[in-house]
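In what follows, every chain begins at residue 1, and chains take the letters A, B, ... in the order their sequences are listed.
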Amino acid sequence: MRRKTSLVLLALAVFFAALSPLLRWYAFPRLAKIPANQYQDMVLEAKDATLLDYGTMTAKKVSKVTIVQTLKGDVAASEKIEKTAGRDVVVWDGLSYVQGPDGKMVSEIPERYIFDAHSQAPVHAPGEMVDGDPVKRTGIEFKWPFLTEKRDYEYFDAQSRTTNPIHYEGTRTFRGVPVYYFEQTVPWIQVPFPKTMPVKGITPETVARTGTTRWYTTVRRFWVEPLTGAPVYGEEIHKEELRGGTLLGGREKVTAFAGHVKMREDYIEHTVDLVKANRLLVLLMTSYLPWGFATLGVLLLLLALWLEARSRRPHPAKVPEPEPVTA
Amino acid sequence: MRALIAATTGLVLAFALVLAITAMGQQTGRTSPKPLLTTVPAHP
(Lines give C-alpha, C1' and ligand atoms only; values in the text may rest on other atoms or scores of the structure.)
Protein backbone atom coordinates (compact mmCIF):
# COMPACT_ATOMS: atom_id res chain seq x y z
CA MET A 1 0.00 0.00 0.00
CA ARG A 2 2.82 2.43 0.93
CA ARG A 3 4.60 1.72 -2.35
CA LYS A 4 1.47 2.54 -4.31
CA THR A 5 1.02 5.81 -2.40
CA SER A 6 4.63 6.82 -2.91
CA LEU A 7 4.31 6.21 -6.66
CA VAL A 8 1.21 8.43 -6.84
CA LEU A 9 3.02 11.10 -4.84
CA LEU A 10 6.01 10.85 -7.20
CA ALA A 11 3.74 11.35 -10.23
CA LEU A 12 2.15 14.39 -8.56
CA ALA A 13 5.59 15.75 -7.61
CA VAL A 14 6.77 15.57 -11.23
CA PHE A 15 3.44 17.02 -12.41
CA PHE A 16 3.72 20.13 -10.22
CA ALA A 17 7.48 20.52 -10.73
CA ALA A 18 6.97 20.47 -14.52
CA LEU A 19 3.93 22.74 -14.34
CA SER A 20 5.95 25.48 -12.65
CA PRO A 21 8.32 26.43 -15.55
CA LEU A 22 5.71 25.51 -18.17
CA LEU A 23 3.27 28.02 -16.72
CA ARG A 24 5.85 30.79 -16.45
CA TRP A 25 7.70 30.42 -19.77
CA TYR A 26 5.25 28.62 -22.04
CA ALA A 27 1.73 29.50 -20.97
CA PHE A 28 2.29 33.10 -19.79
CA PRO A 29 3.56 34.53 -23.12
CA ARG A 30 0.67 32.80 -24.91
CA LEU A 31 -2.07 33.78 -22.48
CA ALA A 32 -1.08 37.30 -21.37
CA LYS A 33 -2.33 39.30 -24.30
CA ILE A 34 -4.26 42.45 -25.07
CA PRO A 35 -7.72 41.30 -26.24
CA ALA A 36 -8.32 42.06 -29.91
CA ASN A 37 -11.74 43.53 -29.09
CA GLN A 38 -10.57 45.92 -26.36
CA TYR A 39 -12.42 49.22 -26.09
CA GLN A 40 -11.33 51.94 -23.75
CA ASP A 41 -11.68 55.65 -23.34
CA MET A 42 -9.73 58.21 -21.38
CA VAL A 43 -10.36 61.82 -20.48
CA LEU A 44 -7.52 64.25 -19.94
CA GLU A 45 -7.80 67.90 -18.98
CA ALA A 46 -5.59 70.95 -19.21
CA LYS A 47 -6.81 73.56 -16.73
CA ASP A 48 -5.95 77.26 -17.23
CA ALA A 49 -4.61 76.52 -20.67
CA THR A 50 -3.78 78.82 -23.57
CA LEU A 51 -5.73 78.29 -26.77
CA LEU A 52 -5.71 80.01 -30.14
CA ASP A 53 -8.83 81.96 -31.05
CA TYR A 54 -9.11 81.35 -34.80
CA GLY A 55 -11.46 84.35 -35.16
CA THR A 56 -8.85 86.90 -34.05
CA MET A 57 -5.79 84.67 -34.47
CA THR A 58 -4.67 85.51 -30.94
CA ALA A 59 -3.85 83.26 -28.00
CA LYS A 60 -6.32 83.38 -25.11
CA LYS A 61 -6.40 81.99 -21.61
CA VAL A 62 -9.20 79.46 -21.19
CA SER A 63 -10.48 77.66 -18.10
CA LYS A 64 -10.12 74.17 -19.50
CA VAL A 65 -9.27 72.15 -22.58
CA THR A 66 -10.47 68.55 -22.60
CA ILE A 67 -8.94 65.67 -24.56
CA VAL A 68 -11.02 62.55 -25.09
CA GLN A 69 -8.95 59.60 -26.21
CA THR A 70 -10.66 56.43 -27.43
CA LEU A 71 -9.03 53.14 -28.43
CA LYS A 72 -11.09 50.48 -30.14
CA GLY A 73 -9.86 47.08 -31.26
CA ASP A 74 -10.82 46.05 -34.80
CA VAL A 75 -11.19 42.25 -34.55
CA ALA A 76 -11.70 41.57 -38.26
CA ALA A 77 -8.62 43.61 -39.19
CA SER A 78 -6.49 41.88 -36.56
CA GLU A 79 -7.57 38.41 -37.77
CA LYS A 80 -6.70 39.38 -41.35
CA ILE A 81 -3.23 40.63 -40.38
CA GLU A 82 -2.58 37.58 -38.15
CA LYS A 83 -2.80 35.33 -41.20
CA THR A 84 0.34 36.87 -42.69
CA ALA A 85 2.06 38.03 -39.48
CA GLY A 86 1.95 34.55 -37.92
CA ARG A 87 1.32 35.90 -34.42
CA ASP A 88 -1.48 37.39 -32.37
CA VAL A 89 -1.99 40.97 -33.44
CA VAL A 90 -4.13 43.81 -32.10
CA VAL A 91 -5.39 46.62 -34.31
CA TRP A 92 -6.34 49.72 -32.39
CA ASP A 93 -8.29 52.49 -34.03
CA GLY A 94 -7.77 55.57 -31.92
CA LEU A 95 -9.18 59.06 -31.82
CA SER A 96 -7.79 62.01 -29.90
CA TYR A 97 -10.61 64.52 -29.78
CA VAL A 98 -9.75 67.91 -28.31
CA GLN A 99 -12.54 70.14 -27.06
CA GLY A 100 -12.41 73.78 -25.98
CA PRO A 101 -14.17 75.25 -22.93
CA ASP A 102 -17.22 76.09 -25.07
CA GLY A 103 -17.59 72.42 -26.05
CA LYS A 104 -16.47 73.06 -29.62
CA MET A 105 -13.95 70.86 -31.38
CA VAL A 106 -10.37 72.13 -31.39
CA SER A 107 -8.85 69.21 -33.24
CA GLU A 108 -9.41 65.53 -33.87
CA ILE A 109 -6.69 63.14 -34.89
CA PRO A 110 -7.50 59.52 -35.78
CA GLU A 111 -4.84 56.86 -35.91
CA ARG A 112 -4.43 53.15 -36.46
CA TYR A 113 -1.87 51.32 -34.32
CA ILE A 114 -1.05 47.67 -35.04
CA PHE A 115 1.00 45.69 -32.55
CA ASP A 116 1.91 42.25 -31.16
CA ALA A 117 -0.71 41.29 -28.56
CA HIS A 118 1.88 40.11 -26.01
CA SER A 119 5.14 41.96 -26.66
CA GLN A 120 3.56 45.26 -27.77
CA ALA A 121 6.09 45.39 -30.63
CA PRO A 122 4.72 47.33 -33.62
CA VAL A 123 3.50 45.26 -36.57
CA HIS A 124 3.53 46.85 -40.00
CA ALA A 125 0.55 46.35 -42.25
CA PRO A 126 -1.44 48.45 -44.68
CA GLY A 127 -3.70 50.84 -42.82
CA GLU A 128 -1.19 51.86 -40.15
CA MET A 129 -1.59 55.63 -40.03
CA VAL A 130 -1.88 58.88 -38.12
CA ASP A 131 -4.52 61.36 -39.30
CA GLY A 132 -4.64 59.64 -42.68
CA ASP A 133 -0.86 59.74 -43.20
CA PRO A 134 0.76 56.29 -43.56
CA VAL A 135 3.36 55.76 -40.83
CA LYS A 136 5.73 53.00 -39.79
CA ARG A 137 6.05 52.98 -36.01
CA THR A 138 9.31 51.66 -34.59
CA GLY A 139 8.34 52.09 -30.97
CA ILE A 140 5.53 51.43 -28.53
CA GLU A 141 2.52 53.68 -28.03
CA PHE A 142 -0.09 53.96 -25.25
CA LYS A 143 1.08 50.82 -23.42
CA TRP A 144 4.32 49.13 -22.35
CA PRO A 145 4.95 45.36 -22.73
CA PHE A 146 4.03 42.92 -19.99
CA LEU A 147 6.89 42.65 -17.46
CA THR A 148 8.22 46.11 -18.31
CA GLU A 149 11.95 46.45 -17.72
CA LYS A 150 13.89 49.20 -15.97
CA ARG A 151 15.26 50.66 -19.18
CA ASP A 152 14.56 53.25 -21.85
CA TYR A 153 11.99 52.35 -24.51
CA GLU A 154 11.35 53.73 -27.96
CA TYR A 155 8.04 55.61 -27.91
CA PHE A 156 6.08 56.79 -30.92
CA ASP A 157 4.94 60.40 -31.00
CA ALA A 158 1.78 60.73 -33.10
CA GLN A 159 2.02 64.52 -33.59
CA SER A 160 5.46 64.46 -35.17
CA ARG A 161 5.13 60.88 -36.51
CA THR A 162 8.59 60.17 -35.05
CA THR A 163 9.91 57.61 -32.57
CA ASN A 164 12.14 58.81 -29.76
CA PRO A 165 13.49 57.28 -26.53
CA ILE A 166 11.34 57.51 -23.42
CA HIS A 167 13.60 57.32 -20.40
CA TYR A 168 13.17 55.15 -17.33
CA GLU A 169 13.69 57.50 -14.41
CA GLY A 170 13.10 55.35 -11.35
CA THR A 171 10.64 53.26 -9.39
CA ARG A 172 7.87 54.99 -7.47
CA THR A 173 4.57 54.24 -5.79
CA PHE A 174 1.41 55.69 -7.27
CA ARG A 175 -1.68 55.32 -5.08
CA GLY A 176 -0.38 52.13 -3.56
CA VAL A 177 0.79 50.62 -6.86
CA PRO A 178 4.54 50.15 -7.51
CA VAL A 179 5.27 51.86 -10.83
CA TYR A 180 8.15 52.71 -13.15
CA TYR A 181 8.32 56.39 -14.06
CA PHE A 182 9.12 57.25 -17.70
CA GLU A 183 9.69 60.65 -19.26
CA GLN A 184 10.17 61.80 -22.83
CA THR A 185 10.90 65.25 -24.16
CA VAL A 186 10.03 65.96 -27.77
CA PRO A 187 11.97 69.12 -28.67
CA TRP A 188 10.37 71.82 -30.86
CA ILE A 189 9.59 70.21 -34.18
CA GLN A 190 7.48 71.20 -37.17
CA VAL A 191 4.36 69.05 -37.38
CA PRO A 192 1.55 68.78 -39.92
CA PHE A 193 -1.74 70.58 -39.42
CA PRO A 194 -4.61 68.27 -38.43
CA LYS A 195 -6.73 67.26 -41.42
CA THR A 196 -9.84 68.39 -39.54
CA MET A 197 -9.53 72.04 -38.55
CA PRO A 198 -11.80 73.82 -36.03
CA VAL A 199 -12.97 76.48 -38.50
CA LYS A 200 -15.11 75.61 -41.49
CA GLY A 201 -13.47 76.33 -44.81
CA ILE A 202 -9.95 76.19 -43.42
CA THR A 203 -7.98 73.15 -44.48
CA PRO A 204 -4.32 72.20 -44.05
CA GLU A 205 -3.87 73.07 -47.74
CA THR A 206 -5.26 76.60 -47.40
CA VAL A 207 -3.08 77.20 -44.32
CA ALA A 208 -0.04 75.85 -46.14
CA ARG A 209 -0.58 78.42 -48.90
CA THR A 210 -0.21 81.25 -46.35
CA GLY A 211 3.26 79.98 -45.42
CA THR A 212 2.31 79.49 -41.77
CA THR A 213 3.72 76.39 -40.13
CA ARG A 214 2.75 74.47 -37.00
CA TRP A 215 5.36 73.64 -34.35
CA TYR A 216 5.10 71.52 -31.25
CA THR A 217 7.01 70.41 -28.18
CA THR A 218 5.99 68.20 -25.30
CA VAL A 219 7.22 66.62 -22.11
CA ARG A 220 5.47 63.29 -21.75
CA ARG A 221 5.32 61.50 -18.40
CA PHE A 222 4.02 58.04 -17.65
CA TRP A 223 3.68 56.08 -14.41
CA VAL A 224 3.70 52.47 -15.64
CA GLU A 225 2.71 49.42 -13.61
CA PRO A 226 5.55 47.06 -14.65
CA LEU A 227 3.80 43.66 -14.48
CA THR A 228 0.96 44.60 -16.83
CA GLY A 229 2.84 47.38 -18.66
CA ALA A 230 -0.21 49.58 -18.26
CA PRO A 231 0.21 53.26 -17.45
CA VAL A 232 -1.80 54.08 -14.31
CA TYR A 233 -1.26 57.80 -14.82
CA GLY A 234 0.01 60.13 -17.53
CA GLU A 235 0.73 63.81 -18.03
CA GLU A 236 1.93 66.04 -20.83
CA ILE A 237 3.30 69.55 -20.76
CA HIS A 238 2.23 70.40 -24.27
CA LYS A 239 2.96 73.52 -26.36
CA GLU A 240 1.96 74.30 -29.93
CA GLU A 241 2.78 77.39 -31.97
CA LEU A 242 1.93 78.72 -35.40
CA ARG A 243 4.97 80.37 -36.95
CA GLY A 244 5.48 82.76 -39.85
CA GLY A 245 3.37 83.22 -42.96
CA THR A 246 0.70 85.74 -43.82
CA LEU A 247 -1.89 84.14 -41.50
CA LEU A 248 -0.23 85.76 -38.47
CA GLY A 249 -0.32 89.29 -39.87
CA GLY A 250 3.36 89.97 -39.52
CA ARG A 251 3.80 88.34 -36.13
CA GLU A 252 6.63 85.85 -35.82
CA LYS A 253 4.63 83.29 -33.88
CA VAL A 254 1.47 82.74 -31.88
CA THR A 255 0.63 80.07 -29.30
CA ALA A 256 -1.95 77.62 -30.63
CA PHE A 257 -2.14 75.61 -27.44
CA ALA A 258 -0.23 75.48 -24.18
CA GLY A 259 -1.25 73.49 -21.18
CA HIS A 260 -0.42 70.91 -18.57
CA VAL A 261 -2.55 67.95 -19.60
CA LYS A 262 -3.49 65.53 -16.82
CA MET A 263 -5.79 62.52 -16.52
CA ARG A 264 -9.18 63.33 -15.01
CA GLU A 265 -9.51 62.16 -11.41
CA ASP A 266 -12.33 59.62 -11.98
CA TYR A 267 -10.33 58.05 -14.82
CA ILE A 268 -7.25 57.79 -12.59
CA GLU A 269 -9.26 55.91 -9.95
CA HIS A 270 -10.82 53.65 -12.59
CA THR A 271 -7.44 52.90 -14.20
CA VAL A 272 -5.73 52.17 -10.87
CA ASP A 273 -8.50 49.72 -9.87
CA LEU A 274 -8.35 47.98 -13.26
CA VAL A 275 -4.57 47.71 -13.24
CA LYS A 276 -4.56 46.36 -9.67
CA ALA A 277 -6.91 43.52 -10.73
CA ASN A 278 -4.89 42.69 -13.85
CA ARG A 279 -1.64 42.94 -11.90
CA LEU A 280 -2.84 40.13 -9.63
CA LEU A 281 -3.50 37.87 -12.64
CA VAL A 282 0.00 38.48 -14.00
CA LEU A 283 1.51 37.89 -10.55
CA LEU A 284 -0.38 34.57 -10.33
CA MET A 285 1.05 33.38 -13.65
CA THR A 286 4.59 34.68 -13.24
CA SER A 287 5.23 34.28 -9.54
CA TYR A 288 2.61 32.90 -7.14
CA LEU A 289 1.62 29.76 -9.09
CA PRO A 290 5.10 28.85 -10.47
CA TRP A 291 6.74 29.18 -7.05
CA GLY A 292 3.81 27.47 -5.34
CA PHE A 293 3.88 24.54 -7.76
CA ALA A 294 7.67 24.20 -7.49
CA THR A 295 7.49 24.13 -3.69
CA LEU A 296 4.61 21.64 -3.78
CA GLY A 297 6.57 19.45 -6.21
CA VAL A 298 9.59 19.33 -3.87
CA LEU A 299 7.44 18.58 -0.81
CA LEU A 300 5.58 15.80 -2.61
CA LEU A 301 8.87 14.32 -3.81
CA LEU A 302 10.28 14.32 -0.26
CA LEU A 303 7.10 12.68 1.00
CA ALA A 304 7.25 10.05 -1.74
CA LEU A 305 10.89 9.28 -0.92
CA TRP A 306 10.14 9.06 2.77
CA LEU A 307 7.26 6.64 2.20
CA GLU A 308 9.41 4.59 -0.15
CA ALA A 309 12.23 4.41 2.38
CA ARG A 310 9.83 3.28 5.10
CA SER A 311 8.34 0.59 2.93
CA ARG A 312 11.83 -0.80 2.21
CA ARG A 313 13.01 -0.80 5.85
CA PRO A 314 13.34 -4.45 6.99
CA HIS A 315 10.90 -5.47 9.70
CA PRO A 316 12.72 -6.31 12.92
CA ALA A 317 12.77 -10.13 13.44
CA LYS A 318 11.05 -11.36 16.53
CA VAL A 319 13.69 -12.43 19.07
CA PRO A 320 12.44 -15.21 21.33
CA GLU A 321 12.48 -14.23 24.94
CA PRO A 322 15.11 -16.13 26.92
CA GLU A 323 13.71 -18.84 29.04
CA PRO A 324 14.19 -18.45 32.72
CA VAL A 325 17.13 -20.38 33.96
CA THR A 326 16.61 -22.49 37.02
CA ALA A 327 19.45 -23.19 39.23
CA MET B 1 10.62 0.81 -13.45
CA ARG B 2 7.30 1.68 -11.78
CA ALA B 3 8.84 4.91 -10.46
CA LEU B 4 9.86 5.85 -13.98
CA ILE B 5 6.35 5.22 -15.28
CA ALA B 6 4.88 7.34 -12.46
CA ALA B 7 7.29 10.23 -13.17
CA THR B 8 6.56 10.09 -16.91
CA THR B 9 2.82 10.09 -16.24
CA GLY B 10 3.19 13.26 -14.13
CA LEU B 11 5.28 14.94 -16.82
CA VAL B 12 2.88 14.02 -19.63
CA LEU B 13 -0.12 15.26 -17.62
CA ALA B 14 1.61 18.58 -16.92
CA PHE B 15 2.37 19.09 -20.63
CA ALA B 16 -1.15 18.04 -21.62
CA LEU B 17 -2.75 20.47 -19.17
CA VAL B 18 -0.61 23.44 -20.22
CA LEU B 19 -1.01 22.70 -23.92
CA ALA B 20 -4.79 22.39 -23.51
CA ILE B 21 -5.06 25.68 -21.61
CA THR B 22 -2.93 27.60 -24.09
CA ALA B 23 -4.71 26.03 -27.06
CA MET B 24 -8.03 27.26 -25.72
CA GLY B 25 -6.46 30.70 -25.41
CA GLN B 26 -8.53 33.85 -25.25
CA GLN B 27 -11.80 34.46 -26.97
CA THR B 28 -11.23 37.23 -29.51
CA GLY B 29 -14.85 38.36 -29.41
CA ARG B 30 -16.30 40.98 -31.70
CA THR B 31 -15.42 44.56 -32.40
CA SER B 32 -17.17 46.81 -29.93
CA PRO B 33 -20.19 48.61 -31.38
CA LYS B 34 -19.33 51.68 -29.29
CA PRO B 35 -18.09 54.67 -31.31
CA LEU B 36 -14.85 56.62 -31.09
CA LEU B 37 -15.90 59.42 -28.76
CA THR B 38 -16.42 63.03 -29.82
CA THR B 39 -18.13 64.02 -26.58
CA VAL B 40 -16.77 64.10 -23.06
CA PRO B 41 -18.02 61.08 -21.08
CA ALA B 42 -19.43 61.88 -17.65
CA HIS B 43 -17.62 58.94 -16.06
CA PRO B 44 -15.37 55.98 -17.05
Taking every non-hydrogen pair under 4.5 Å, which of [options] racks up the most with chain B?
| options | result |
| --- | --- |
| A:A27, A:G94, A:A117 | A:A27 |
| A:R264, A:H270, A:E79 | A:R264 |
| A:D88, A:L23, A:V14 | A:V14 |

Next item on the list: Name the orientation class of the two ring planes belonging to A:F293 and A:F16 (parallel below 30°, tilted from 30 to 60°, perpendicular beyond 60°).
Entry: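 Ring orientation, 0 to 90° scale: tilted.
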
Note to self: Classify the ring geometry of A:F28 against A:H118: parallel below 30°, tilted from 30° to 60°, perpendicular beyond 60°.
What the structure shows: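 Rings of A:F28 and A:H118: perpendicular, over 60°.
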
Identify which part of [X] has an atom lying under 4.5 Å from any heavy atom of chain A, answering side chain, backbone, both or neither.
| X | result |
| --- | --- |
| B:A42 | backbone |
| B:L17 | side chain |
| B:R30 | backbone |
| B:T39 | backbone |

Next item on the list: Validate the cation-pi geometry between A:R30 and A:Y26: distance from NZ or CZ to the six-membered ring centre under 6.0 Å, angle to the ring axis within 45°.
Entry: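 Judged by the rule (NZ or CZ under 6.0 Å from the ring centre, within 45° of its axis), A:R30 counts as positioned above A:Y26.
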
[X] portion near chain B, given a 4.5 angstrom heavy-atom threshold:
| X | answer |
| --- | --- |
| A:L7 | both |
| A:D266 | both |
| A:Y39 | side chain |

Item checked: chain A interface, residue from B:A6, B:P44, B:A14 that has the most non-hydrogen pairs under 4.5 Å ->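 Highest number of pairs under 4.5 Å: B:P44.
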
Notebook entry, point to check: Pick from B:L13, B:L37, B:V18: which one has the most heavy-atom pairs with chain A under 4.5 Å?
Noted result: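 Most pairs with chain A among the choices: B:L37.
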
For a quick test of reading the model, state the closest non-hydrogen atom pair linking [X] to [Y] and the distance between them.
| X | Y | value |
| --- | --- | --- |
| A:R24 | A:P290 | CB-CG, 4.0 Å |
| A:V272 | A:R175 | CG1-O, 4.3 Å |
| A:F174 | A:V232 | CD2-CG2, 3.7 Å |

Checklist line | Side-chain (A:S96) to main-chain (A:Q69) donor-acceptor, under 3.5 angstrom | finding: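 Pair absent, no side-chain N/O of A:S96 close to backbone of A:Q69.
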
Notebook entry, point to check: Going by heavy atoms in the side chains, are A:E108 and A:M105 under 4.5 Å from each other?
Noted result: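 Side chain of A:E108 against side chain of A:M105, heavy atoms only: contact under 4.5 Å found.
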
